[in-house]
Asks: 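First the structure, then my questions, so here it is.
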Amino acid sequence: MQHLLDITHEQLTAWLKERGYPAYRAAQIRKWLFQSRVETFEEMSDLPKALRSELASAFTLWTSKIATHSVAHDGTEKLLLELADGGRIECVLLRDGERRSICISSQVGCAMGCVFCASGLDGVDRNLTTGEMIEEMLRLARLLPAEERLSHIVVMGMGEPLANLDRLLPALDAATREDGLGISHRRITISTVGLPPQIDKLIDRDTRFHLAVSLHAPNDELRNRLVPVNKNIGIAPIIAAADRYFDQSGRRLTFEYVLLGGLNDARQHAEQLAALLRGRTALLNVIPYNPVAGLPYQTPSAAAIRQFREILERAGINVQFRERKGDEINAACGQLRRSTPVVALEVPS
Ligand code: SAH
């Protein structure tokens, strides 16, 4: 059986046409998928009964099961989804004022091996399908009360999104379409470890999204240690590719920097970073390390954070410190993994 969320609008229209149904049935089906909360074809009450049963015998609507649903006191919610083949991924809903953001995964595990991140601890199993990524979005959207809509998407969960671009872009298409989730491109951020050929591919395909580049170190010697794939890439080509994206898109770039106590948080790191980013239309997003069970890294001291911020601000860099959210349920940045070893609060699903 095919996953209905994994086929395009055009494929669905063609499937309907072969069976003698008019094209507007596809629009009706999309409406049920993206703007309602039905769980089965049977509930799609404006479709002819025969069509409902034909759909049910050709397609599955959901391929994943919610294995765990965790809720934190700050309003963050995390789903651990079990996929059809037993693979497990996590995705997160974040509440911040009026914002309703979701953080989705793009792969089962991650191959990048960043030493401070939980997602790559066991390597990568496979890419997620388009349908599985849309399913993350819909599952999270349905956690909101009926009158609330998702406003932002960050592709910052498990995996390297640019290594799965061919499946990611159709999923983001469903997110942005008026008859999909209706989220504007500029409210969607794709976060990458920095793969220059893939950044160029994105430039060719679509430059309407925000691009975030995970830098984490201001020089190659240190970055090679923290982000092992850097050994084959290097900071300069990554920044050059990011600049090309900016030239084409006009969208302010974001650079992310996980601040690790005693490792990349010293005065000279801040100064090097300022020199590296000076003159760019960019936002530096500094994320104090969120603890990962089993890893030896330290959250930086308040004094180190203050010094780091001051040096960058004085150098005229647009810097923002990311507020920690969802750490109570291991849903904060870098804490997503295939299993949830410690869960603070569990809501049975
Ligand atoms: N592979 C992509 C998407 C994964 S999200 C990428 O590398 O960008 C990666 C982001 O998670 C990093 O930029 C960082 O902001 C965050 N991160 C990873 N581990 C973290 C940790 N232990 N503490 C805080 N942030 C972390």
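Start at 1 and go down the list; that is how both ligands and their atoms are numbered. Quick note: numbers below take in every heavy atom, side chains included, and nothing from hydrogens, waters or symmetry partners.
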Asks: With the threshold set at under 4.0 angstrom, would you say H216 reaches ligand 1 through any of its heavy atoms?
Replies: yes
Asks: Could you work out, with side-chain hydrogen bond (donor to acceptor under 3.5 Å, both in side chains) as the rule, every residue matching S301, not counting sequence neighbours?
Replies: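 side-chain hydrogen bond (donor to acceptor under 3.5 Å, both in side chains) check on S301 returns nothing, list empty.
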Asks: What residues join M1 in its hydrophobic cluster, counting side-chain heavy atom gaps under 4.5 Å, either direct or through other members?
Replies: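 M1 clusters with nothing; isolated.
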Asks: Any heavy atom of M112 sitting closer than 4.0 Å to ligand 1?
Replies: no
Asks: Pick whichever of L162, V258, D327, L259 has a heavy atom sitting closest to atom 14 (C) of ligand 1.
Replies: V258
Asks: With a 4.0 Å cut-off on heavy atoms, is G157 in contact with ligand 1?
Replies: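 Contact check G157 vs ligand 1: positive.
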Asks: Among C333, S119, C117, which one puts a heavy atom closest to atom 16 (C) of ligand 1?
Replies: C333
Asks: Of all the non-hydrogen atoms in the protein, which one sits nearest to atom 19 (N) of ligand 1, and at what distance?
Replies: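 Result: G334 CA, 3.0 Å.
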Asks: Among side-chain atoms of E135 and S64, is any donor-acceptor pair under 3.5 angstrom?
Replies: yes
Asks: If you take the nearest heavy atom of each of L195, V292, N290, V155, which one is closest to atom 23 (N) of ligand 1?
Replies: N290
Asks: Please check if any side-chain donor atom of Q335 sits under 3.5 Å from a side-chain acceptor atom of N290, or the reverse.
Replies: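 Side chains of Q335 and N290: no pair found under 3.5 Å.
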Asks: I need the atoms of ligand 1 closer than 4.0 Å to a non-hydrogen atom of G159, numbered in the order shown.
Replies: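 This gives 1 (N), 2 (C), 3 (C), 4 (C) as the contact atoms.
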Asks: State, without any angle test, whether Q198 and T192 hold a side-chain donor-acceptor pair at a distance under 3.5 Å.
Replies: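 Judged by distance alone, the side chains do not pair up.
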Asks: Which heavy atom of the protein is the closest neighbour of atom 2 (C) of ligand 1, given with residue, atom name and distance?
Replies: S191 O, 3.2 Å
Asks: Where do K325 and V92 land on the side-chain contact (heavy atoms from CB on, under 4.5 Å) test, with the steps shown first?
Replies: CA-CA 10 Å; K325 283 208 178 264; V92 180; over 6 Å; no
Asks: Starting from atom 22 (N) of ligand 1, what is the nearest protein heavy atom, named by residue and atom, and what distance separates them?
Replies: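 For atom 22 (N) of ligand 1, the nearest protein heavy atom comes out as F116 O, 2.9 Å.
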Asks: Out of S214, A118, A163, whose heavy atom is nearest to atom 9 (C) of ligand 1?
Replies: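 Selected option, by shortest heavy-atom distance: S214.
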Asks: Is it true that F59 and F41 have ring centroids separated by less than 6.0 Å?
Replies: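 Between F41 and F59, which both carry aromatic rings, the centre distance is not below 6.0 Å.
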Asks: Which atoms of ligand 1 have any heavy atom of Y289 under 4.0 Å away?
Replies: 21 (C), 22 (N), 23 (N)
Asks: In the single-linkage hydrophobic clustering (I, L, V, M, F, W, Y; side-chain heavy atoms under 4.5 Å), do V286 and M156 co-cluster?
Replies: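 No: no chain of side-chain contacts under 4.5 Å links V286 to M156.
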Asks: Taking heavy atoms and a distance under 4.0 Å, where does E256 meet ligand 1: side chain, backbone, both or neither?
Replies: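 Looking at E256 and ligand 1, just side chain atoms fall under 4.0 Å.
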Asks: So, for H269 and Y257, is the gap between ring centers shorter than 6.0 Å?
Replies: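 Here the rings of Y257 and H269 have centres that are no less than 6.0 Å from each other.
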Asks: What's the shortest distance from atom 5 (S) of ligand 1 to any protein heavy atom, and which residue and atom give it?
Replies: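 Result for atom 5 (S) of ligand 1: M156 O, 3.1 Å.
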Asks: Considering non-hydrogen atoms only, spot the tightest contact between S184 and T176 and give its length.
Replies: C-CG2, 4.4 Å
Asks: Less than 3.5 Å between some nitrogen or oxygen of I287 and one of ligand 1, yes or no?
Replies: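 Not met; the criterion fails.
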